[in-house]
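One structure is given below, encoded as structure tokens.
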Amino acid sequence: YHDIFEINQPLYIEIGMGKGDFIYQNALKHPENNYIGIEKFPSVLAAAINKINKNQSLPNLKLMHFDAIELENVFENGEIDHLFLNFSDPWPKKRHAKRRLTSSAFLDVYRRLLKKDGVIEFKTDNRGLFEYSLQSVTENNYHLDYVSLDLHNSPEANDNIMTEYERKFSVNGPIYKMIISDCKE
């Protein structure tokens with residue numbers, strides 16, 4: 001990714017960025033980091049591009065179209081500093097568990113792509129997915145750095161940058177969040 005940014009600085013990735021509000025606000029607030037928003041649906045990516053083009057373009061923000069299963073074909077091992085998983089598809093059926101972005105298979109991929117001190121932030125409004133994810137990250141030897149069962153009513157709420165989905169659906173119930181890091185030696 002180094003050749004797509006003007007300045008080599010920490011790399012933050014959002015998988016499933018939706019219409020791009022979250023990644024755009026982060027890039028605006030933190031010019032000291034590079035951001036890549038990943039979206040697999042072309043129509044959603046187009047909406048994000050249109051929205052961002054109406055605002056100021058940012059040299060530290062790029063958008064990419066591909067599915068998360070292709071991560072290892074796009075990024076090198078140890079290349080990512082920070083990963084955001086915001087309101088991912090919960091894939092509620094048990095037979096689809098492997099598609100969840102917090103499944104063992106994805107956690108193994110993140111472990112390879114994250115730098116030694118890399119971090120994953122995960123937010124959802126789906127309690128079942130959150131419980132599954134807590135169990136999955138624990139079983140896969142990730143360290144729970146932070147857990148909130150009601151992010152919007154926590155001390156961290158002031159610093160929380162919301163996604164479009166989060167703004168729309170947080171009135172229906174609590175937002176769950178965890179920040180995890182790998183237990184690498």
Side-chain angles (χ1 to χ4, degrees), residues 1-75 79-92 99-102 106 109-110 113-114 118-126 129-130 133 148 150-154 156-179:
Y1 91 94
H2 296 291
D3 50 351
I4 67 170
F5 289 104
E6 294 172 19
I7 301 171
N8 185 4
Q9 46 195 17
L11 180 60
Y12 286 57
I13 306 285
E14 182 182 14
I15 298 175
M17 65 163 191
K19 295 177 186 164
D21 279 2
F22 177 85
I23 199 81
Y24 179 80
Q25 291 302 322
N26 270 284
L28 194 60
K29 187 175 180 180
H30 298 285
E32 72 279 7
N33 299 321
N34 287 330
Y35 291 87
I36 297 177
I38 298 167
E39 181 54 55
K40 73 176 179 177
F41 297 111
S43 60
V44 178
L45 178 63
I49 291 168
N50 289 334
K51 183 184 289 186
I52 289 169
N53 283 343
K54 289 178 185 173
N55 297 304
Q56 71 185 75
S57 66
L58 300 170
N60 66 328
L61 175 63
K62 305 294 180 194
L63 307 180
M64 298 177 79
H65 170 247
F66 67 90
D67 191 306
I69 60 173
E70 299 294 324
L71 277 170
E72 287 186 293
N73 298 329
V74 178
F75 298 100
E79 190 171 35
I80 300 171
D81 293 271
H82 206 105
L83 194 57
F84 297 106
L85 306 173
N86 293 320
F87 302 92
S88 311
D89 189 332
W91 292 103
R99 296 182 184 181
R100 296 177 191 148
L101 292 181
T102 52
F106 277 110
V109 169
Y110 306 151
L113 298 180
L114 282 169
V119 170
I120 300 170
E121 287 191 40
F122 172 80
K123 287 196 287 188
T124 186
D125 63 336
N126 185 299
L129 177 61
F130 191 72
S133 300
S148 176
D150 191 358
L151 177 62
H152 291 178
N153 290 307
S154 74
E156 288 73 24
N158 292 337
D159 294 328
N160 181 48
I161 294 175
M162 284 200 251
T163 69
E164 305 89 342
Y165 182 94
E166 187 174 357
R167 270 194 302 281
K168 188 174 180 180
F169 290 101
S170 63
V171 297
N172 297 336
I175 302 301
Y176 307 102
K177 180 175 180 174
M178 74 171 114
I179 300 174

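For D81 (side chain) and L11 (main-chain N/O), a donor-acceptor pair under 3.5 Å exists by modelled atom type. For the pair D67 (side chain) and K40 (backbone), a donor-acceptor distance under 3.5 Å is absent. Side chain of Q9 to main chain of P31: a donor-acceptor pair is present (N/O by atom type, distance under 3.5 Å, no hydrogens or angles).
Of the charged side-chain nitrogens involved, at least one lies within less than 4.0 Å of a carboxylate oxygen, so that D21 and R167 count as a salt-bridged pair. Salt bridge present: E164 and K51 bring a charged side-chain N and a carboxylate O closer than 4.0 Å.
Nearest heavy atoms, I15 versus A68: CG2-CB, 3.7 Å.
Using a 3.5 Å distance cut-off with no hydrogens or angles, the side chains of D150 and N153 do pair a donor with an acceptor. Between N34 and K62, the side chains place no donor N or O within less than 3.5 Å of an acceptor N or O (distance only, hydrogens not considered). Side-chain atoms of E32 and N60 form no donor-acceptor pair, as typed in the model, at a separation below 3.5 Å. Defined by atom type and a distance below 3.5 Å, a donor-acceptor pair is present between the side-chain atoms of E121 and H82.
Once rounded to the nearest 0.5 Å, the distance linking CD1 of I52 with CG of L61 reads 5.0 Å. Here the CD1-NZ distance, from I179 to K123, works out to 10.0 Å after rounding to the nearest 0.5 Å. To the nearest 0.5 Å, the span separating CD on Q25 from CD1 on I161 amounts to 6.5 Å.
A parallel orientation is assigned to the rings of Y35 and F84, their planes being inclined by less than 30° (bins at 30° and 60°). Note: F130 and F122 have parallel aromatic rings, judged against thresholds of 30 and 60 degrees for the angle between ring planes.
In summary, of the residues considered (N86, T124, D125), a side chain to side chain donor-acceptor pair (under 3.5 Å) with Y165 occurs for D125 alone.
R100 forms no cation-pi arrangement with W91, by the criterion of a distance under 6.0 Å to the ring centre and an angle within 45° of the ring axis.
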